[in-house]
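These figures come from a predicted structure and were not determined experimentally. So you know, we letter chains A, B, ... as the sequences are listed, proteins then strands, and number each from 1.
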There are 2 protein chains.
Amino acid sequence: MNVEKHIQTSSELRTTTRSIIHLTLVHHRIQEELQAALKPFEVSLQQFNVLRILRGRRGEPANMFTINDRMVTKMSNTTRLVDKLMAKGYVSRQTCPSNRRKVEIDITPKGRDILLKMDKSVAESESHLLNALNQEELKQLNILLDKIKVK
Amino acid sequence: MNVEKHIQTSSELRTTTRSIIHLTLVHHRIQEELQAALKPFEVSLQQFNVLRILRGRRGEPANMFTINDRMVTKMSNTTRLVDKLMAKGYVSRQTCPSNRRKVEIDITPKGRDILLKMDKSVAESESHLLNALNQEELKQLNILLDKIKVK
DNA sequence: AATGTATATTTGTATATACAATTATTGTAG
DNA sequence: CTACAATAATTGTATATACAAATATACATT
């Protein structure tokens, strides 16, 4: 990708600026592709992420904070994502008996079923996006991303 | 960053899934940092991007399509970004005399002034985010990002 | 010139997200 | 026990973005 051409600038960009723009463009493209993969299931990427987090807990229910901590959105929005997954019957929610401020959210069998189907579609999209990168390059990408200050 | 820990899964992730989650987390963090850098100027990151694109054209005005082509948003939203920059006096807009369907958008001196100030703040944030990466690593990052299928 | 088609932009609207305030419950200091 | 602070989640709302439709102009065919 020619980032300079993309933003149509005649001036040379700082290398840092260039890398950040590049990352933004790639990220946007990935989101588009994954959202398209999920469209037939009428589940948003964020809803998919919630389901995936719940499955990763292997039966142990999660509270809102736990789910939100693994997501890149505010807790208020996570509440609403769970609302929507509830309406579709993909998750259950009940107040935690030992601490009635908390809730216990879990994935339902119906949620697991659709998640399995979505997995397939998402995995194909991911593979397509990244198939020009071998294992060594993926590892290298992760190492470089790790060097970006996320704190 | 331990991506598995972040999404709190006990199962091993596919390496592609892991890389994509990692990229998403890093992207989100970068957006946050840059938005924070722009906050004192009361200009959104997307508004900043429009100004930067216009400056890159060195005096030649741009139409909506040209601006939008360099951005990761829909044209309808770019129209509204320009509306807001107009209201602040940072850009000018007039219908193109040779083709009255088109508009000619340009950055104003006032827009250039604030852009210079914002540049400084944004450059600092970018440097902070990426200062653990040397020139060779930035180059390598761009090469790897280029391998992600954006078509 | 009249009609249909393509191009460029804008408007309307639904969904997504961020931020602030609110509610409910629990913990704790006096 | 009461008052106050801390925690957990939700609700309200403003802004951001995506998608569809509408508007205006230009171009092409007859």
Side-chain angles (χ1 to χ4, degrees), chain A residues 24-25 27-39 41-50 53-54 61-88 91-106, chain B residues 24-25 27-39 41-50 61-88 91-106:
Chain A
T24 300
L25 295 173
H27 172 262
H28 188 256
R29 179 65 192 101
I30 289 173
Q31 299 291 304
E32 274 186 347
E33 175 100 13
L34 297 183
Q35 267 151 22
L38 291 173
K39 195 161 191 184
F41 303 100
E42 299 185 83
V43 167
S44 74
L45 188 51
Q46 290 289 58
Q47 288 171 32
F48 171 78
N49 286 333
V50 171
I53 289 165
L54 292 175
N63 57 41
M64 278 297 168
F65 182 86
T66 305
I67 295 176
N68 186 248
D69 198 39
R70 275 90 191 151
M71 309 234 341
V72 289
T73 190
K74 300 290 165 180
M75 199 150 81
S76 54
N77 300 322
T78 302
T79 294
R80 283 178 269 244
L81 287 171
V82 170
D83 288 344
K84 285 175 186 162
L85 290 170
M86 278 276 288
K88 291 170 183 163
V91 303
S92 62
R93 167 168 49 187
Q94 59 178 74
T95 54
C96 175
S98 65
N99 186 340
R100 303 188 43 261
R101 285 172 300 190
K102 295 188 184 179
V103 290
E104 289 181 341
I105 301 148
D106 207 349
Chain B
T24 301
L25 296 173
H27 172 262
H28 187 258
R29 178 66 193 102
I30 290 173
Q31 298 292 305
E32 274 187 345
E33 175 100 12
L34 297 182
Q35 268 152 20
L38 292 173
K39 194 160 193 186
F41 303 100
E42 297 185 81
V43 167
S44 75
L45 188 50
Q46 290 288 59
Q47 289 172 30
F48 172 78
N49 285 334
V50 170
N63 57 42
M64 277 297 169
F65 182 87
T66 306
I67 296 176
N68 186 248
D69 198 40
R70 274 92 192 148
M71 309 238 335
V72 290
T73 191
K74 302 290 165 180
M75 197 150 81
S76 54
N77 300 322
T78 302
T79 295
R80 284 179 268 243
L81 287 171
V82 170
D83 287 345
K84 284 176 186 161
L85 290 169
M86 278 275 288
K88 290 171 184 164
V91 304
S92 63
R93 165 168 50 187
Q94 59 178 76
T95 54
C96 176
S98 65
N99 187 338
R100 302 182 7 67
R101 286 172 300 189
K102 296 187 183 178
V103 290
E104 288 181 341
I105 300 148
D106 207 350

*asked:* Using five base pairs at each end to define the local axes, how bent is the helix from C:dA1-D:dT30 to C:dG30-D:dC1, to the nearest 10°?
replied: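 Rounded value for the end-axis angle: 0°.
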*asked:* Can a donor-acceptor pair be found, under 3.5 Å and without considering hydrogens, that links the side chain of B:Asn68 to the backbone of B:Thr73?
replied: yes
*Taking the side chain from A:Lys88 and the backbone from A:Val43, do they hold a donor-acceptor pair closer than 3.5 Å?*
no
*Given atom CG of A:Asp83 and atom P of C:dT15, what is their separation to the nearest angstrom?*
14 Å
*Rounded off to whole Å, could you give me the CG-to-P distance for the A:Asn63 and C:dT26 pair?*
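Spelled out: CG on A:Asn63 to P on C:dT26 is 14 Å.
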*For B:Asn63, what residues pass the side chain to side chain contact (heavy atoms under 4.5 Å, CB included) criterion, not counting sequence neighbours?*
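With sequence neighbours excluded, B:Asn63 shows a side chain to side chain contact (heavy atoms under 4.5 Å, CB included) to B:Phe65, B:Thr66, B:Lys102, given in chain and number order.
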Can a side chain N or O of [X] be found less than 4.0 Å away from OP1 or OP2 on [N]?
X       : N      : result
B:Lys74 : D:dT17 : no
B:Arg93 : C:dA8  : no
A:Lys84 : C:dA16 : yes

Between the base of [N] and the side chain of [X], is there a donor and acceptor pair under 3.5 angstrom?
X        : N      : answer
B:Asn77  : D:dA18 : yes
B:Arg101 : C:dT9  : no
A:Arg80  : D:dG12 : yes

*So which of B:Thr78, B:Asn77, B:Val82 actually passes side chain to side chain contact (heavy atoms under 4.5 Å, CB included) with B:Arg80?*
B:Asn77
*With heavy atoms under 4.0 Å as the rule, sort B:Thr73 into base, sugar-phosphate or nothing.*
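Sugar-phosphate: the residue B:Thr73, judged by heavy atoms under 4.0 Å, touches backbone atoms but no base.
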*Name the nucleic acid region contacted by B:Met64, choosing base, sugar-phosphate or nothing; use a 4.0 angstrom heavy-atom cut-off, strictly under.*
sugar-phosphate
